[in-house]
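Reviewing the structure listed below.
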Amino acid sequence: MAILEPWQIAEISGPRKAAAISKPEVVVAMIKRSKRPVMIIGHLAAEIAAGDRKLLDYLIDLGNTKNIPIIATGHTNRNLVSRGYTKATILPAVEAAHRLADSGWQGLDGKGPHDLAFFAGLPYYLEWTILSGLKHFAPHVRTVSLGNGYQPHAGYSFASIPTEQWLESLKAVIGQMEG
Amino acid sequence: MAILEPWQIAEISGPRKAAAISKPEVVVAMIKRSKRPVMIIGHLAAEIAAGDRKLLDYLIDLGNTKNIPIIATGHTNRNLVSRGYTKATILPAVEAAHRLADSGWQGLDGKGPHDLAFFAGLPYYLEWTILSGLKHFAPHVRTVSLGNGYQPHAGYSFASIPTEQWLESLKAVIGQMEG
Amino acid sequence: MISLDLKDLNFRFKELESELGRIKEFEVSVGRIAPQNWEEKVGPTPFPSMTALRGWDRKLLGRYRPFYMPYCDVCCICTAGKCDLTGDRRGACGIQMAAQQSRMVLIATCIGAATHVSHARELVTHLISRYGSGHPLDVGGLSTEVEAPLTRLVCGLKPEKLGDLDEVLDYLEKEITGLLATAHTGQEGDCLDFESKVFHSGMLDLVGLEVADIAQISALEYPKAEPDAPLAELGMGTIDQSMPVILVVGHNVLPSVSIIEYLKEQGLTGQVEVTGICCTAIDATRYSQSAKIVGPLSWQIKYIRSGIPDVIVTDEQCIRTDVLFEAEKIGSRVIATSEKNCMGLPDRTGDPADAIVADLETGKAAGALVLDPEKAGKIAVRVARSVAPARRNKVSTPPNIADMARACTDCKQCRRACPNDLPVPGAIRAVAARDLAPIGEVYDRCNGCVRCEQACPKKIPVYSVMTAAAAHKTRDEKFKIRVGRGAIQDVEIRQVGGPIVLGEIPGVIAFAGCANYPNGGKEVAEMCLEFARRRFIAVTSGCAAMSISMYRDEEGKTPYEQHPGDFDAGGIVNVGSCVSNAHIAGAAVKIASIFARRSLRGNFEEIADYVYNRVGAVGVVWGAMSQKAAAIAMGFVRLGIPVIVGPHGSKYRRMLLGRADREEDWYTSDPGTGEQVYAGPVPEHLFIAAETKEEAMVLAAKLCMRPNDTGKGRAIKLTHYIDLHRRVLGTIPEDLPLFVRSMSDVPITMKEEISRVLQQAGWQERKAPGQRP
Amino acid sequence: MISLDLKDLNFRFKELESELGRIKEFEVSVGRIAPQNWEEKVGPTPFPSMTALRGWDRKLLGRYRPFYMPYCDVCCICTAGKCDLTGDRRGACGIQMAAQQSRMVLIATCIGAATHVSHARELVTHLISRYGSGHPLDVGGLSTEVEAPLTRLVCGLKPEKLGDLDEVLDYLEKEITGLLATAHTGQEGDCLDFESKVFHSGMLDLVGLEVADIAQISALEYPKAEPDAPLAELGMGTIDQSMPVILVVGHNVLPSVSIIEYLKEQGLTGQVEVTGICCTAIDATRYSQSAKIVGPLSWQIKYIRSGIPDVIVTDEQCIRTDVLFEAEKIGSRVIATSEKNCMGLPDRTGDPADAIVADLETGKAAGALVLDPEKAGKIAVRVARSVAPARRNKVSTPPNIADMARACTDCKQCRRACPNDLPVPGAIRAVAARDLAPIGEVYDRCNGCVRCEQACPKKIPVYSVMTAAAAHKTRDEKFKIRVGRGAIQDVEIRQVGGPIVLGEIPGVIAFAGCANYPNGGKEVAEMCLEFARRRFIAVTSGCAAMSISMYRDEEGKTPYEQHPGDFDAGGIVNVGSCVSNAHIAGAAVKIASIFARRSLRGNFEEIADYVYNRVGAVGVVWGAMSQKAAAIAMGFVRLGIPVIVGPHGSKYRRMLLGRADREEDWYTSDPGTGEQVYAGPVPEHLFIAAETKEEAMVLAAKLCMRPNDTGKGRAIKLTHYIDLHRRVLGTIPEDLPLFVRSMSDVPITMKEEISRVLQQAGWQERKAPGQRP
């Protein structure tokens, strides 16, 4: 069952709440429309089992579809490197958000501000606080939570849905991006 | 359009939110199941135009269907009396709520605790704070907001709906109770 | 060398032989004022700790149980949260909802008390530096010898000089710090203990108010307990816009005093308009009636957007945080003068005045922080005079509001943002159709919070449209207010003490507090007039005192012109600004002390018990909004004086409500026989939000009853209660039998009717508690 | 009679002829300590007001901009609200979101500072009453002459006796009251001004800590700056359950001292177990190593539910508010001893001890409030001895947890309530299937907040199931902790000052704060050991100091047994309880004063600038949760010492983050030439939440760098940074070029590799800022 309530029950947001990602096409459309997306990946991505792989593996795949750069937070980079992915930028999650919130920041490659930011693999509450910061202070960045717990402070978030359903959606996004 | 958000935008409630009264039958069923309902009516009931009558007129009708006693708050009683209704109990709204929250209170007639409380005609925010008090401290009372602005702290509330739609629902409830 | 370690050391010797010589009868007193200046014996609780009066608080809280109305379902004040507290859930620290709500109340009232105490500290420090610590405290000469009833009551000391107030402030700051600490995660967790601490903060707050006001009355020579204090002008219509205009906003009078003094010094009095909003304005008129009051705090944006003020001087408290932003829109310069409200401005205190003036004149700087009231005052005058000519086109031409309004899509966001759910969308659409009547009605009920405008997705300047549409109303705002008289004289207390305690004056009703009214300010004036006409004593202060003035009778007279300023039946007594609320509580305390000759000194519980049982006083805080208002209210409540707040007051998260229907709650021990006797539900509540003006009036009349009313007094009080109830609620009160103890309580003029009611209710005469000595 | 009005009056006369006689060389000093006891010249800001250091704060805030992460979209702290602050909306008072968040931070840090200051006030008042105000302050004899570096720095006075601390507390209380006032609706509204006030509250907090700790060290004869302070026992496994057991919880040691003294007096030492949780426990072991520490604050429910304690004595701070509720379940008696945490219990302070003991023994009363630590201690011992035998069956037989767990419907409410999103549902279902491994893993990562249990709709006592399943782990909790040594000696500072400032000791890392860890306490120990092994100086206090002890190496040794307690490379220095954190900040300040001979007195900005630029110290507060922790952190931050918090620390609502990528942010004026030179992003952040232990370690190593590192020092610091980065993040840090000023900064062992990185990055040697004098 999809729950459009914060996964951590008490973490209510207020009047402005994330739109639910009702179907994979929503994400695909956002990526396609975005000029400069970025992906912020926390350490849990390497722990969260997603079928016989880890969430991190799917995120790498997703990133590769449109060359979306990755910011590796926590100790995520170690797990990226062990997967042969060496282009990530290492930043603490709050620092990444602080930069995103600066509309003058020219992005990881210095070529212009990011307009779309995906979040995944962060502890729920840390992602939550960061998304709140961006909701309030980064109106120029659209935020998307890719976890399977509803993140009300995001621009878009999956509802709190079972792992299988969520994985299917992620796979569909990747499939559609590749296709 | 029905908005399942607090009518006053910032008055967010938290994890526990009112169920929407999706159709008149919901209210009818509650009244029928209730042993000892009560109606708390604020002064705005005499001001809110409802077609060619006032909200207060409908509420009197509703009360009369099952002899639901009325607590008149603010200066509502004056308008009840002018309509020939003289059986109301006069209490400030917060005091009425305070008594309802006492599970030992034997009700207006001293014959036992009320188990269902309707609210209407109170200023939105006053009803809101009172419903919050009851949600948290009167688990033995089911609360229903009969206004047309969604009251998240109620047990049941109409969504924020247009006046006509709301009036139709009220009339339907009365009709079904009478019928 | 003799070095003293403790503040409260007091040493003396009859005779000393030492290397230094021989000294006789030598005495040094430090800190705690030597008891020699006061014969009265010290009661049980001088300088009470936060638990010293817990027993008294629990008595009150046992009868008036808190009813909590949580703002939301969660607790969010530490990083272990947020915690869901619905049901009987405990948070990560173990707390439950009732305790959490009372904890939030405590934080609010601590903020309130801190604000007043910090204000008092600033005033006292500044006045000592200017007038010396030996400057005598004098609030009303020989007719007001009890100069500081609350300080005497709470601290057990009798301050005589400005310097004596220092120790009182030390005590208040220590207690506030301790109380605030209890709100720390994992400290106090019982809701009644939190409530007791809330009461303590309220009591501290009242003492802070008193310290602030007696200091400024004494040093700045305000009216000293004068019933016939002069009238001052109030309203936007009273301002001569051809002159340079300064606006002072806030609560600390010092910059205003400096402006007025500098104008005098320079011979410019009458050539620059000194206008004020909020309590700074009230206190400025207490200092000099050349100052004009614009209106209560809700007038801020309206007045600034009018373009009139050339310079805005802010001090502390109740200042909209967007003043600088709004000022910039009209090219007005801002001078901030308080450490507590720096507004992000550069600190220019140390710069030469000429440089600051130059920067402000040229607009190189939009504002400056000048933490020296004297300097700030001079700069304000110079800048106002210099920029005014160029700002003569300042009253902006009325915008084409119909065009603006046409952008409205009727999305209703403005109404959903309005705290009073006012019908803004329809009124805006009417403006578009050039019908200004509906928006005028909205204007009358609006508090100027400007949230409507913030919410508009079409960026319609909703509030500006409204004020522009109502510009003619603004021009008519010309009223008279009696300036704050300060304390109530001891002689007045001697005169009315008897009638009040016996019930012959049916009550003292105090209208105080903020301007966050549910329905515009008119209701405050109407309530006040109702009771003054009924020959209650109406007392007022702060924004409420202003709102009361903004009302005219058929002859065009304002309430202050219709009613005298005497503390007597039928009077409308403006004591002054927010800090003057101390005199209202002080009057109740003085009835116990001067009229009933109870010992005051460090004797809180006995006096509060006296006030609670004898003095039919009620507070009405119709627009209560702030943490300060909450603190003041709790100060009154600890003294046993009920407070009625407007419907928004329900958002203070909890009420203190009696249960008239529970007979067992209202027994009291007869002072003569010791027997438990039923005294009836009087006063019925201690802190209650009323839904409408009508309900508030009926409640106010009812809450004036006290257990110790004489039969005659009770009859008089019942007359008003029944009469009001009948008039505004349409019936005789059903609870009447609870208030009639014996037939002697029944008003003669209503005897027949009441007897019938009593009979129907199966009423029987009860043994009333004996009269207390 | 001579009567003095002002606290800071100081009058003297050479010779006086009067009626009283002739007096020569007479002097009275009151309040402000006469300057005669200290030669050092007074700096610019003794007793700084809330804006005195605004300039310094703005320098820091310009470089480390606040990044706000609002807890929710609205403001709910006055009744004009709630207000929607999304977008650029202003609330009814005009405030916007950034200011509102900083305001909430200020309220939190004021609560934190108030808590410590109030604690200090209580200690000082009690100790003065017992030991006299003339009792000398002595924190380390001749080797620690700078007895109160923070008080000297901030207040500009040099306290010598307990009584001298009174004036410091007056100042702190006055300032806290003023700061709290600024949070009032319609007062301060600029986020950077709020932040400056937050820093001020943090600074006040540090002084409050110092006052509290030097008072108790001096009067209670704790270890006095002893590197080799004795070891004490820690852990539930160390308790002899055959004896009566008292549990003390909280932060105020006085009741514990009284218990220990009474046992001694009665010859009962060794016959009653005195066990403690939180800082009271730490301080009890500083007083006597006969006391045992159970664990950090997160152990409370676990320990109470074990049934072991016969009597629970609570004082103040960090006490679960459900202690009484939990105690009643196991028939344990509760004695509350603090005005700040009365728990709703009847105040028995004035009752005869025998009566209280009798009521508690018989269970007639479940608890009592006894506001006299001496009396409370005696009662606790008597009751514990008397109820223990009857409670011998107190360690409840393990419940049938498998049966309980079978009620689970996998609704996931427990997990959704868990602050750490731990996989509770699966673990509970495993318990039902008699597999205890998963729940054991949850136990290791659990902080004991018990929210899981609160949320369970099936009323499964989830937390009890967990602790029962992990009972064997509890039995193994037997550790050694070095008791709090207190201050760092002046001689130690002299020895390490050079190596620290030059960078040869790569950093001082302080592990402090609460136990609200993201992933269990083990990570704190691991981080601490990592840095101690790398020959940083590891300092610790409070719950973190306990968590560090709960770890063993292969040989079974705890960190305190492996590492010395010297303030030197490789040491693990437990300074003591939360209030002992003052000594960590004090050590940094003493480096500036003792090693670098900067004048300390009332000279905050210069010293903070020195610490910021020279002293490679970093705080790690892995479980930061409380308002106190926030206040302490802000105290460090104002001194220029960066603080890393755990991921839950993001819920403090704002970070203070530098922007390494903005070169323009990192220019500094060369002290020699006055030229603006690029100094690199060091330290890069002032307040940052780390996501994982690994990230925190890399950050800690990085944040130890300072502009004034010598080449050698920078090379050493870079070695650790690079090495850790490579190990835990898998690569050489990309930002490395920012930290290499010239080739002399490059660690020789890594030269080749680093050169390659530098070359790739297009790095060029820069002019480094000159060494400061």
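Chain naming here is simple, since letters A, B, ... match the order of the sequence lines and numbering starts at 1 in each.
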Taking the side chain as C-beta and beyond, is there a heavy-atom pair between C:Q627 and D:T185 under 4.5 Å? yes
Just so I know, are the side chains of D:N341 and C:T182 near enough to count as touching, which here means a heavy-atom distance under 4.5 Å? no
Got a second to check how far D:D170's CG is from C:Y171's OH, nearest 0.5 Å? 14.5 Å
Check each atom of C:N447 against the heavy atoms of chain D and say whether the ones under 4.5 Å are side chain, backbone, both or neither. neither
Give the minimum heavy-atom separation between C:S626 and D:H184, together with the two atoms involved. CB-CE1, 3.4 Å
Between D:K82 and C:C72, what is the shortest heavy-atom contact and its length? NZ-CB, 3.7 Å
Student check: side-chain heavy atoms of D:L180 and C:L180 closer than 4.5 Å: yes
Side chains of D:E188 and C:K340, heavy atoms from C-beta outward: is any pair under 4.5 Å? no
D:A113, part contacting chain C, at a heavy-atom distance under 4.5 Å: neither
Would you mind checking which part of D:S196 comes under 4.5 Å of any heavy atom in chain C, side chain (CB onward), backbone (N, CA, C, O), both or neither? neither
Derivation of the side chain to side chain contact (heavy atoms under 4.5 Å, CB included) call for D:Q187 and C:T115: CA-CA 9 Å; D:Q187 202 134 220; C:T115 303; 3.7 Å; yes
Check whether C:A99 gets within reach of chain D through its side chain, its backbone, both or neither, counting any heavy atom under 4.5 Å. neither
What's the shortest heavy-atom distance between C:M343 and D:D190, and which atoms? C-CB, 3.7 Å
Should D:K174 and C:S118 count as side-chain neighbours, where that means a heavy-atom distance under 4.5 Å? no
Any heavy-atom pair between the side chains of D:C342 and C:K197 that's under 4.5 Å? yes
What one should report as the nearest heavy-atom pair of D:A92 and C:C449 is CB-CB, 3.6 Å
Looking at D:E175, D:K628, D:R653, which has the largest count of heavy-atom pairs under 4.5 Å with chain C? D:K628
Shortest non-hydrogen contact between C:T79 and D:Y71, atoms and distance: CA-OH, 3.8 Å
One should read off an interatomic distance between D:T51 OG1 and C:L369 CG, to the nearest 0.5 angstrom, of 7.0 Å
Given a strict heavy-atom distance threshold of 4.5 Å, which part of C:R416 is in contact with chain D: side chain, backbone, both, or neither? neither
Residue selection (most heavy-atom pairs with chain D, distance under 4.5 Å) from C:H116, C:R58, C:E122, C:H251: C:R58
Measuring heavy-atom distances to chain C, does D:F325 have an atom under 4.5 Å in its side chain, in its backbone, in both, or in neither? side chain
Would you mind reporting whether D:R320 and C:C93 have side-chain heavy atoms less than 4.5 Å apart? no
Considering only heavy atoms and a distance below 4.5 Å, find which of C:Q96, C:M104, C:K651, C:E173 pairs most often with chain D. C:E173
Where on D:L371 is there a heavy atom nearer than 4.5 Å to chain C: the side chain, the backbone, both, or neither? side chain
Side chain from CB out, backbone as N, CA, C, O: work out which of these in C:S650 comes under 4.5 Å of a heavy atom of chain D, or both, or neither. neither
Check whether D:I95 gets within reach of chain C through its side chain, its backbone, both or neither, counting any heavy atom under 4.5 Å. both
Give the member of C:A417, C:A630, C:G94, C:G91 that has the highest number of heavy-atom pairs under 4.5 Å with chain D. C:G94
All side-chain hydrogen bond (donor to acceptor under 3.5 Å, both in side chains) counterparts of C:R54, not counting sequence neighbours: C:D193
Interface moiety of D:L179 toward chain C, non-hydrogen atoms closer than 4.5 Å: neither
If a pair satisfies salt bridge (charged side-chain N to carboxylate O under 4.0 Å, His left out) and one of its residues is in residues 87-96 of chain D, list it, with sequence neighbours excluded. D:D84-D:R89
Mind checking whether D:I107 and C:I111 have side chains closer than 4.5 Å, heavy atoms only? yes
Looking only at heavy atoms, what is the nearest atom pair of C:A80 and D:P419, with distance? O-CB, 4.4 Å
Winner by heavy-atom pair count (cut-off under 4.5 Å) against chain D, out of C:G250, C:G344, C:G189: C:G344
Please look at D:A108 and chain C and tell me whether the side chain, the backbone, both or neither of the residue comes under 4.5 angstrom of a heavy atom of that chain. neither
Atom group of D:C83 that falls short of 4.5 Å from chain C, counting heavy atoms: both
Checked C:G55, C:G81, C:A455 vs chain D; the most non-hydrogen pairs under 4.5 Å come from C:G81
At a heavy-atom separation under 4.5 Å, does C:L345 approach chain D through its side chain, its backbone, both, or neither? backbone
Need one label for D:C110: side chain, backbone, both or neither, based on atoms under 4.5 Å from any heavy atom in chain C. both
